[in-house]
2 protein chains.
Amino acid sequence: MKELHNFAESEEMYLKTIAEISRHGNLVPVTYIAERLSISTVSASEMVHRLQGRGLLEHTPYKGVRLTDDGLNRAESILRRHRLWECFLAEHLGLPWKQVHDFACQLEHVSEDALTDALDKHLGFPSFCPHGNPIPPAQGVLEVRETTPLSDLDVGQEGVVLCIREEDGEMLDYLDARAVRPGSRVRIEEIAPYDGPRSVLLDGEKQVLGREVAEHILIELVNDNETE
Amino acid sequence: MKELHNFAESEEMYLKTIAEISRHGNLVPVTYIAERLSISTVSASEMVHRLQGRGLLEHTPYKGVRLTDDGLNRAESILRRHRLWECFLAEHLGLPWKQVHDFACQLEHVSEDALTDALDKHLGFPSFCPHGNPIPPAQGVLEVRETTPLSDLDVGQEGVVLCIREEDGEMLDYLDARAVRPGSRVRIEEIAPYDGPRSVLLDGEKQVLGREVAEHILIELVNDNETE
DNA sequence: TCTCATAATTAGGATGCCCTTATATTAACT
DNA sequence: AGTTAATATAAGGGCATCCTAATTATGAGA
C-alpha cells in the first residue's frame, strides 16, 4: 500500500522524452517536447522551468533544453527500465511490439532499482531491447552506436537494421507486421520521386516503405565490397 | 507514450481497500477506509461520494459502504493483477515477501487486461498468490473459503495455514522471516494471559506470535481425531 | 535594417486529490 | 428522553499539472 500520488511520473516522461529526442546531446526545442507529450507549449515551458530548478536540465531561451548529468542519469535509468520490461514482455509473455512498447511505457514508472535489477538478472542481463535499442547499464554511460536512418540510404546501398526508434507505437505495429527486425538485411532497390517511398529488399523479400517510416529504421551500413 | 495522469489509481486503491476490508460483503465504515489509506475522514468521505456517483459503491450514512457489482468487479480485477504480479515477483524474480507485496502494489495499477492475461498464462494460471490468497479469475466470482484467524484458536487446536492477510507490508516481512507459509502446520501450545502472545508449534518448530500478528494468519482447522 | 515567424511569458482558470477547522447530524447507551 | 461519541458535511485552502488567450521578446532571413 503506497502513497496515492505519483509526482515523479510527469518528470520521468519529460526526461525520457528529452533524452530520446536529443540523440547526441543537441539542444532540444521546448516545442518538440510539447509536441511529443501532446501538451501545450505553455505547460511544457512551465515544466521545463521546474525541472531546471531541480537541476535536471538547462534551458537556453529561444534555443532549447539540454539535460544535466543528473538529468541524463535519471533519463537513462528510465530508458533502462523501459527496455528491460520490453524484453520481458516480448520474450517471456510473447506480446506483439505495439503492446510491448505501450505496456513498458507504464511499467517503467513503477520499477524501483531492486525490481529493475531483479528483472535484469532474470532476463540474463540483456544488452538490447526487442527493437534493438541498447539497454543502459545499472551505472555508467551508454555508449553510442553509429547509425544511419534508412531514409538516408541511396539506391543500391545495403545495411543491417540495428534498431527501431520507438517513439511511436503505431509505427512499431506497422514495422512488426512487415517483419522489420534488428538484424534484418536491407537493400534499397528504388526511391520514388520527390524523396518518396522506398522499395527495399528486406531479408530477401520485396517491400515498400514510406520515407517517414524509413526515418525510424536505423541502419548500420555494410560496405558493398567486403560482403558476400 | 501514454497520458501523464493517473486518475484511475486513487479509485483503484479505494476499491481494493474496500474489497479487502469487507471480506464477506459487510458494510465498511468510511473511517476504516480513511485509516487504511492514511488519509483524513473528510477526504475519504469526499471520494466515497465520487465513487458512488460513478456507480461503484453505495454509501449508507452512519453505517458504511458496500461495493456494487460493478465496483466489486473492478476491485477483483485489481486483486487479480496484484496477486498475479506477486506470483511473478516471488517465483520468477525470487524477491522477498515484503518487496513482493510493495512492488505488486504499484504494478497492479498499470496492467491492462491483455498484459494481465498474458502474465497469467506465463505463470501457468496460478490459483493462489505466494501468501495463499486466491487469485480472482478473469471473469466470474471468487469463491470464498472458510478460514479462522489463528488468534481464534484455543490451546491444543491445530490447523493448516491457508493464507496471510496482506494489508501490511511490515507484517509480511515479519512472517516471512519466521517461515510462516501457506501450508504450514500449526498447533497452539499456550496462550499467554490477557489474550497475549501465542506459543505455537509451526511445522515442528516452536515459535511465539503476538495476538496482532496471529489475527492475520488465516487457518483451516484440522479435526484433531482424523489426523495422525 | 526591418519584419515576421517562433518562442517565451503573463494572466486567469480548471481539475483531482488532499488538508484543517468548524459545524451539523445520528446512533446508541444510560 | 437526553447525552455523548461517532459520523457527515461545509467552508476555505494547497499543490501539481494542465488549459486558452493575449502579450512580449528574439533571431533569422529578405
Side-chain angles (χ1 to χ4, degrees), chain A residues 1-18 21-22 26-67 71 74 78 105-106 108-110, chain B residues 1-18 21-22 26-66 71 74-75 78 105-106 108-110:
Chain A
M1 206 122 309
K2 283 277 134 134
E3 78 288 340
L4 296 179
H5 277 291
N6 214 338
F7 297 132
E9 190 163 331
S10 260
E11 178 179 304
E12 291 185 350
M13 288 302 277
Y14 276 86
L15 295 179
K16 183 184 137 192
T17 302
I18 295 167
I21 301 180
S22 102
N26 333 341
L27 284 171
V28 176
V30 177
T31 316
Y32 287 17
I33 304 171
E35 194 183 349
R36 277 286 299 283
L37 293 173
S38 304
I39 59 176
S40 74
T41 58
V42 177
S43 300
S45 198
E46 227 176 42
M47 189 60 164
V48 158
H49 286 321
R50 274 194 285 259
L51 295 175
Q52 186 167 35
R54 290 180 221 167
L56 296 168
L57 53 77
E58 271 155 31
H59 178 222
T60 313
Y62 300 97
K63 291 294 164 76
V65 143
R66 173 178 292 126
L67 294 178
R74 292 269 290 132
I78 300 154
C105 270
Q106 307 196 237
E108 70 192 9
H109 301 296
V110 294
Chain B
M1 207 122 307
K2 282 277 136 130
E3 76 288 341
L4 295 179
H5 275 293
N6 213 338
F7 297 132
E9 189 162 332
S10 259
E11 178 179 304
E12 291 185 350
M13 287 301 277
Y14 276 87
L15 295 178
K16 183 184 137 191
T17 301
I18 295 166
I21 301 180
S22 103
N26 332 341
L27 284 171
V28 175
V30 176
T31 316
Y32 287 16
I33 304 171
E35 194 183 349
R36 277 285 299 283
L37 293 174
S38 304
I39 58 175
S40 73
T41 57
V42 178
S43 300
S45 198
E46 226 176 43
M47 189 60 165
V48 158
H49 286 321
R50 275 193 284 257
L51 294 176
Q52 186 167 36
R54 291 178 220 168
L56 296 168
L57 53 77
E58 272 157 28
H59 178 221
T60 314
Y62 299 97
K63 291 295 165 73
V65 144
R66 173 178 292 125
R74 292 268 290 131
I78 300 154
C105 270
Q106 306 196 238
E108 70 191 9
H109 301 295
V110 294

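Numbered from 1 within each chain, the chains take letters A, B, ... in sequence-line order.
Of the candidates D:dT17, C:dC17, D:dT20, D:dT20 carries the atom nearest the A:S40 side chain, counting heavy atoms from C-beta on. When each of C:dC17, D:dT17, C:dT9 is scored by its nearest atom to the side-chain atoms of A:S45, the top-ranked nucleotide is C:dT9. Taking every side-chain heavy atom of B:E46 into account, C:dC19 is the closest of C:dA8, D:dC18, C:dC19. For A:V42, taking side-chain heavy atoms from C-beta onward, the closest of the listed nucleotides C:dC17, C:dT10, D:dA8 is C:dT10. Between D:dT17, D:dA10, D:dA8, one nucleotide has an atom nearer to the side chain of A:S10 than all others, and that is D:dT17.
Every residue meeting the side-chain contact (heavy atoms from CB on, under 4.5 Å) condition with A:S22, not counting sequence neighbours, appears here in chain and number order: A:V28. In this view, B:T60 and B:L27, B:K63 satisfy the side-chain contact (heavy atoms from CB on, under 4.5 Å) rule, not counting sequence neighbours.
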For nucleotides 2-6 of chain C, which of its nitrogen or oxygen atoms have a protein nitrogen or oxygen under 3.5 Å away, and what is each distance?
none

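Note on B:V30: only backbone sugar-phosphate atoms sit closer than 4.0 angstrom, heavy atoms only; bases stay farther off.
In this structure, CD1 of A:I39 is placed 13 Å from P of C:dA8, rounded to the nearest angstrom. When rounded to the nearest whole Å, the span between CD1 of B:I33 and P of C:dC17 equals 15 Å. Atoms NE2 (B:H49) and P (D:dA10) sit 8 Å apart, rounded to a whole Å.
The nearest heavy atom of DNA chain D to A:R50 and to B:H59 marks one nucleotide each, and the one closer to the 5' end goes with B:H59.
Proximity of A:S43 to the phosphate of D:dT17: no side-chain N or O atom is located under 4.0 Å from OP1 or OP2.
A donor-acceptor pair under 3.5 Å is absent between the side-chain atoms of B:S43 and the main chain of B:I39, judged by distance alone.
Side-chain contact between A:E11 and A:R74: present, with at least one pair of heavy atoms (C-beta onward) separated by less than 4.5 Å. With contacts defined as side-chain heavy-atom distances shorter than 4.5 Å, the pair B:V48/B:L57 qualifies.
Nearest heavy-atom pair across A:Q52 and A:H59 is NE2-N, 3.1 Å.
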